[in-house]
Amino acid sequence: ASIAAPRRSKATVAGTIETRPGRAPIGALTAPSPEAELAGFIAKYAPEIEPRVCPILDAMRARLPGAIELVYDNYQFLAIGYAPGERTSEAIFSIAVAPTKVNLCFLQNGAALADPEGLLRGGGAQVRNIILDDAATLDRPAVQALMAEALATAKVPLDPKTPYRLIIKSISAKQRPRRPKGEELG
């Protein structure tokens with residue numbers, strides 16, 4: 001049995017919120033869902049970015065059963081990681097949204113992936129990325145091969161039985177502009 005909230009009369013004292021038995025306080029603020037928060041992060045970008053990002057995220061969800069989406073609204077990018085659990089260090093891929101482009105990042109072993117078509121960009125010891133013009137880029141055989149190799153060599157494999165979750169991991173208080181110069185929201 002749950003404990004009902006104490007009942008207050010309709011005449012409330014300033015600063016208090018009227019409650020009803022067994023229900024949340026009237027006027028209580030609820031946190032937005034992670035999906036609503038992610039939509040809000042995407043909405044900060046130029047109008048042409050959302051129609052690119054949303055189908056890419058849908059395609060990644062379909063392609064990676066068992067992946068947990070980890071969202072970071074960082075200083076530089078909006079990053080959506082795909083991991084077998086909540087640990088950022090186990091993320092295999094991320095989608096990095098910049099003001100004018102969307103990248104697929106290979107986080108664990110990008111530098112070691114076989115890339116006969118030379119699609120991978122970057123020069124670090126580990127991470128590589130490719131620019132995604134749209135969700136169809138994910139269907140290219142060379143991109144599918146890179147993703148398959150990254151999944152096969154991941155430190156912790158995805159378990160397709162893991163239920164989907166979207167987790168907002170961090171929101172940076174200070175951020176670079178999300179729209180190209182001259183297109184900022186006023």
Side-chain angles (χ1 to χ4, degrees), residues 31-45 49-98 101-173 175 178:
S33 70
E35 291 79 7
E37 281 190 279
L38 178 57
F41 301 153
I42 294 168
K44 293 181 205 174
Y45 288 85
I49 290 291
E50 182 178 4
R52 285 174 48 199
V53 172
C54 293
I56 288 169
L57 298 182
D58 290 342
M60 291 294 286
R61 290 174 189 136
R63 233 167 258 254
L64 301 171
I68 306 297
E69 279 186 321
L70 307 175
V71 177
Y72 299 83
D73 195 17
N74 291 332
Y75 173 76
Q76 187 85 8
F77 298 102
L78 170 60
I80 301 100
Y82 295 86
E86 294 186 30
R87 295 181 63 175
T88 305
S89 62
E90 294 176 353
I92 302 165
F93 305 104
S94 73
I95 298 297
V97 183
K101 63 186 173 191
V102 182
N103 294 325
L104 168 62
C105 302
F106 296 83
L107 300 176
Q108 290 186 14
N109 52 10
L113 295 175
D115 182 22
E117 291 194 24
L119 298 177
L120 295 173
R121 302 170 346 123
Q126 187 168 330
V127 177
R128 294 290 184 274
N129 71 79
I130 60 173
I131 294 174
L132 298 175
D133 296 321
D134 53 32
T137 305
L138 294 168
D139 294 328
R140 289 181 53 192
V143 175
Q144 288 182 350
L146 289 166
M147 291 182 73
E149 185 180 350
L151 287 167
T153 59
K155 293 181 237 177
V156 179
L158 296 178
D159 179 356
K161 293 182 240 150
T162 301
Y164 169 77
R165 285 187 298 156
L166 170 63
I167 301 169
I168 307 299
K169 294 289 274 186
S170 73
I171 303 169
S172 179
Q175 298 178 349
R178 298 303 198 213

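In this structure, the side chain of R63 does not engage the main chain of M147 through any donor-acceptor pair within 3.5 Å. Of the possible donor and acceptor atoms, one in the side chain of R128 sits under 3.5 Å from a partner among the backbone N and O of G122. Counting only distance, with no hydrogens or angles, the side chain of D134 and the backbone of T137 share a donor-acceptor pair below 3.5 Å.
The shortest heavy-atom contact between Q108 and E90 is NE2-O, 2.9 Å. Nearest heavy atoms, V156 versus I92: O-CD1, 4.0 Å. Across A83 and L70, no two heavy atoms sit closer than the pair CB-CD1, 3.9 Å. Nearest heavy atom pair, residue A111 against residue A125, reads CB-O, 3.4 Å. Taking each heavy atom of P84 and P157 in turn, the nearest pair found is CB-O, 3.5 Å.
Looking at N74 and S170, their side chains come closer than 4.5 Å, going by heavy atoms from C-beta outward. Annotation: side chain of I56 is not in contact with side chain of L104 (no heavy-atom distance under 4.5 Å). Proximity of V97 to F41: side-chain heavy atoms (C-beta onward) are nowhere separated by under 4.5 Å. Residues I167 and E86 are in side-chain contact: their nearest non-hydrogen atoms beyond the backbone lie under 4.5 Å apart. Using a 4.5 Å heavy-atom cutoff, the side chains of Y45 and L78 are in contact. At a threshold of 4.5 Å between non-hydrogen side-chain atoms, the residues L132 and N103 do not count as touching. Counting heavy atoms from C-beta outward, D139 and Q144 have side chains that approach closer than 4.5 Å.
Among residue pairs with one or both ends in residues 133-162, none qualify as ring pair (Phe, Tyr, Trp, His ring centres under 6.0 Å); sequence neighbours excluded. Applying the side chain to side chain donor-acceptor pair (under 3.5 Å) definition to pairs two or more places apart or across chains, those involving residues 145-162 are N109-T153.
Taken to the nearest 0.5 Å, the CD1 atom of I95 stands 11.5 Å off from the CZ atom of R52. Separation of atoms CD (E50) and CD1 (I42) is listed at 6.5 Å; rounding is to 0.5 Å. The distance from the NZ atom of K169 to the CZ atom of R87 is 10.0 Å, given to the nearest 0.5 Å. Atom CZ of F93 is separated from atom CE of M60 by 6.0 Å, given to the nearest 0.5 angstrom. Summarising the geometry, atom CG belonging to L138 is positioned 11.0 Å from atom CG belonging to D58; distances are rounded to the nearest 0.5 Å.
For A173, there are no side chain to side chain contact (heavy atoms under 4.5 Å, CB included) partners, not counting sequence neighbours. Listed by chain and number, the residues in a salt bridge (charged side-chain N to carboxylate O under 4.0 Å, His left out) with E35 amount to none (sequence neighbours excluded). The side-chain hydrogen bond (donor to acceptor under 3.5 Å, both in side chains) check on S172 picks up nothing, with sequence neighbours excluded. With sequence neighbours excluded, the residues that form a side-chain hydrogen bond (donor to acceptor under 3.5 Å, both in side chains) with N129 are R121. Residues that satisfy the side-chain hydrogen bond (donor to acceptor under 3.5 Å, both in side chains) test with D133, not counting sequence neighbours, are absent from this structure. Y82 pairs by the ring-ring contact (aromatic ring centres under 6.0 Å, His included) definition with nothing, not counting sequence neighbours. In terms of the side chain to side chain contact (heavy atoms under 4.5 Å, CB included) criterion, residue partners of P34 (sequence neighbours excluded) are, by chain and number, L166, I168. In this structure, the side-chain hydrogen bond (donor to acceptor under 3.5 Å, both in side chains) partners of R140, at least two apart in sequence or on a different chain, are E117. Remark: D115 pairs with L119, L120, L146 by the side chain to side chain contact (heavy atoms under 4.5 Å, CB included) rule, at least two apart or across chains. Remark: A98 pairs with F77, K101 by the side chain to side chain contact (heavy atoms under 4.5 Å, CB included) rule, at least two apart or across chains.
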Report task. Run the numbers on V71 and E37 for side chain to side chain contact (heavy atoms under 4.5 Å, CB included), then give the verdict. Result -> CA-CA 10 Å; V71 177; E37 281 190 279; over 6 Å; no
Query - Stepwise side chain to side chain donor-acceptor pair (under 3.5 Å) check, Y72 with S94 - result: CA-CA 10 Å; Y72 299 83; S94 73; over 6 Å; no
